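Worksheet: one structure, shown below.
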Protein chains: 2
Amino acid sequence: MPAPDRTAAKEKFMAFLEEKNLRITTQRRAIVDTVFGTDQHFTAEQLLEWARERDESVSRATVYRTLPLLTESGLVHEMDFGKDYKIYDPNYADHPNHNHIICDDCDKIVEFESNKLDELENEISHKLGFSVKSQQLRINASCEEMKKLGECKNKGL
Amino acid sequence: MPAPDRTAAKEKFMAFLEEKNLRITTQRRAIVDTVFGTDQHFTAEQLLEWARERDESVSRATVYRTLPLLTESGLVHEMDFGKDYKIYDPNYADHPNHNHIICDDCDKIVEFESNKLDELENEISHKLGFSVKSQQLRINASCEEMKKLGECKNKGL
DNA sequence: AGCAAATCGAGACAGAGTCTCATTATCAAA
DNA sequence: TTTGATAATGAGACTCTGTCTCGATTTGCT
């Protein structure tokens, strides 16, 4: 998988910063270049590690401060699998309507889209009196099974 | 909501311990009485707090050691919403096939069952090459909306 | 009662994330 | 281009959930 070209996303984020009168710093540049230079989902710690490869001076605090901005801008999707464990998806702007399956043991994430599922989720939530803000279907499977099946390859839906 | 009578569940767990040549200690008794004396979902920390009201000597370590036993016995359901944040459901033995909606802000949990949803989840997972071990649909809604609608009352499905 | 093994509590440790605070960098206006 | 208000920074203290170790205690079988 080649690194995607997300110059557009990067520029949108810079515009977003300007709009909010926030400053474009060298650390933020390193972080943003990292985020939009990968296809993979990542955690805050991973982002810190990767961003430091570009700019040694990036600190943990700055990563944690920049992530909410990226989320707020709509360019990155935050998946909250618990109170204190977030995973970020840099592909969000390209295809905002997908669900995720998380593999239990090897931590791989498989994306898929299903209108039927979306509709059913909305229908159920509505009946329960919720207005859905976001929804995450988490399906756990064991690595044993996944290995047999060729590393969680999305076979199309 | 009156405290449920789960004498049966408690006795099943004691039998489970005996089967595995594990010992019935006063601390475990306090923990088990607590677990099967509530209808509510709880976290490990909450369980620690509640169990200590029955027996001051219950330690954090013992709670964390007993929880996996309760899960293994099949009497309590562990919902893992992240790497390090688990919520436990003591009603599991009574109705094992339900899903959960988690409220974002007030942390309430609403249970529901939907065969249609179960079927669709299984179908999708199968197509993706997974054999489902467990699945959790997490739907987030804001407290604002929930308050308007009467505290997340399950309106029947 | 006696004993081996299971269990215990305390507290050190780990990982994710938040917060403070003194210092530095940005950028718009002069 | 200098200035200056203030946004942003890094370091590190701190919180919270959970794990692990270890010496002391309890259990339950004989």
Side-chain angles (χ1 to χ4, degrees), chain A residues 13-34 41-73 76 78-88 102 104 107, chain B residues 13-34 41-73 76 78-88 102 104 107:
Chain A
F13 186 65
M14 295 312 181
F16 171 84
L17 290 180
E18 228 180 293
E19 233 171 72
K20 303 201 71 179
N21 281 327
L22 301 177
R23 292 171 185 174
I24 296 170
T25 64
T26 56
Q27 290 86 356
R28 275 184 184 161
R29 239 189 285 266
I31 291 169
V32 169
D33 284 347
T34 305
H41 297 65
F42 53 84
T43 64
E45 286 307 309
Q46 282 177 311
L47 177 54
L48 172 62
E49 198 182 312
W50 297 342
R52 273 188 167 157
E53 287 168 15
R54 289 174 187 259
D55 182 344
E56 187 56 45
S57 82
V58 172
S59 73
R60 172 171 286 102
T62 298
V63 166
Y64 276 103
R65 279 187 282 236
T66 305
L67 244 6
L69 295 173
L70 283 159
T71 299
E72 197 189 333
S73 76
V76 170
E78 176 188 287
M79 291 179 283
D80 183 356
F81 287 111
K83 236 178 54 180
D84 281 319
Y85 192 71
K86 297 176 170 55
I87 293 172
Y88 295 88
I102 315 284
D104 233 7
D107 287 337
Chain B
F13 185 66
M14 294 311 179
F16 171 84
L17 290 179
E18 228 179 292
E19 233 170 72
K20 303 200 73 180
N21 283 325
L22 301 176
R23 292 172 184 172
I24 296 169
T25 65
T26 56
Q27 290 86 355
R28 277 185 183 159
R29 239 189 287 267
I31 291 168
V32 169
D33 284 348
T34 305
H41 296 65
F42 53 84
T43 64
E45 286 308 308
Q46 281 176 312
L47 177 55
L48 171 62
E49 196 183 313
W50 295 344
R52 273 188 167 155
E53 286 170 15
R54 289 174 189 258
D55 182 344
E56 187 58 43
S57 81
V58 172
S59 74
R60 173 172 284 102
T62 297
V63 166
Y64 277 103
R65 279 187 283 238
T66 304
L67 243 7
L69 295 173
L70 284 160
T71 300
E72 198 190 331
S73 76
V76 170
E78 176 189 287
M79 292 178 285
D80 183 355
F81 288 111
K83 237 178 56 179
D84 280 319
Y85 192 72
K86 296 177 172 55
I87 294 172
Y88 295 89
I102 316 283
D104 234 7
D107 288 339

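Quick note on labels: first sequence line is chain A, next is B, and so on, each numbered from 1. Since the structure is predicted, the reported quantities are computational estimates derived from the model, not experimental observations.
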Q | Close approaches to DNA chain D from residues 13-24 of chain A, in residue order (heavy atom, under 4.0 Å) | A |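 Output list: Leu22(A), Arg23(A).
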
Q: Answer yes or no: does atom CD of Glu18(A) have more than 12 heavy-atom neighbours from other residues, nucleotides or ligands under 6.0 Å?
A: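 Atom CD in Glu18(A) is not crowded, with 12 or fewer foreign heavy atoms closer than 6.0 Å.
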
Q.
Just to verify, what does Thr34(A) make a side chain to side chain donor-acceptor pair (under 3.5 Å) with, not counting sequence neighbours?
A.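 Side chain to side chain donor-acceptor pair (under 3.5 Å) check on Thr34(A) returns Arg54(A).
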
Please pick, from [options], the nucleotide with the shortest atom-to-atom distance to any side-chain atom of [X].
X	options	result
Thr25(B)	dG9(C), dT27(D), dG12(D)	dT27(D)
Ala44(B)	dG18(D), dA8(D), dC8(C)	dG18(D)
Arg60(A)	dA10(C), dG17(C), dG18(D)	dG17(C)

Q: Assign each of Ser57(B) and Arg29(A) to its nearest nucleotide of DNA chain C by heavy atoms, then name whichever residue's nucleotide is nearer the 5' end.
A: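 The 5'-side residue here is Ser57(B).
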
Q: Check whether any side-chain N or O of Tyr64(B) sits under 4.0 Å from OP1 or OP2 of dG18(D), and answer yes or no.
A: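 Yes, Tyr64(B) has a side-chain N/O under 4.0 Å of OP1/OP2 on dG18(D).
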
Q) So, is Gln27(A) close to the dA8(D) phosphate, meaning a side-chain N or O under 4.0 Å from OP1 or OP2? A)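 Result: no.
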
Q.
Need one value for Arg28(B): base, sugar-phosphate or nothing, where a base atom within 4.0 Å counts as base even if backbone is also close, heavy atoms only.
A.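 Sugar-phosphate, no base atom in range.
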
Q: Establish whether the base of dG10(D) is bridged to the side chain of Arg65(A) by a donor-acceptor pair shorter than 3.5 Å.
A: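 Present.
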
(Q) Ignoring hydrogens, what is the shortest heavy-atom contact between Met14(B) and Val32(B)? Give both atom names and the distance. (A)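 Taking every non-hydrogen atom into account, CE-CG1, 4.4 Å.
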
**Q.** Heavy-atom pair with the smallest gap, counting every atom of Leu69(B) and Phe16(B)
**A.**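 Reported closest heavy-atom pair: O-CE2, 3.6 Å.
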
Q: Could you pick out which residue, Val58(A) or Thr26(B), lies toward the 5' side of DNA chain D when each is mapped onto its nearest nucleotide?
A: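 Closest to the 5' end, via its nearest nucleotide, is Val58(A).
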
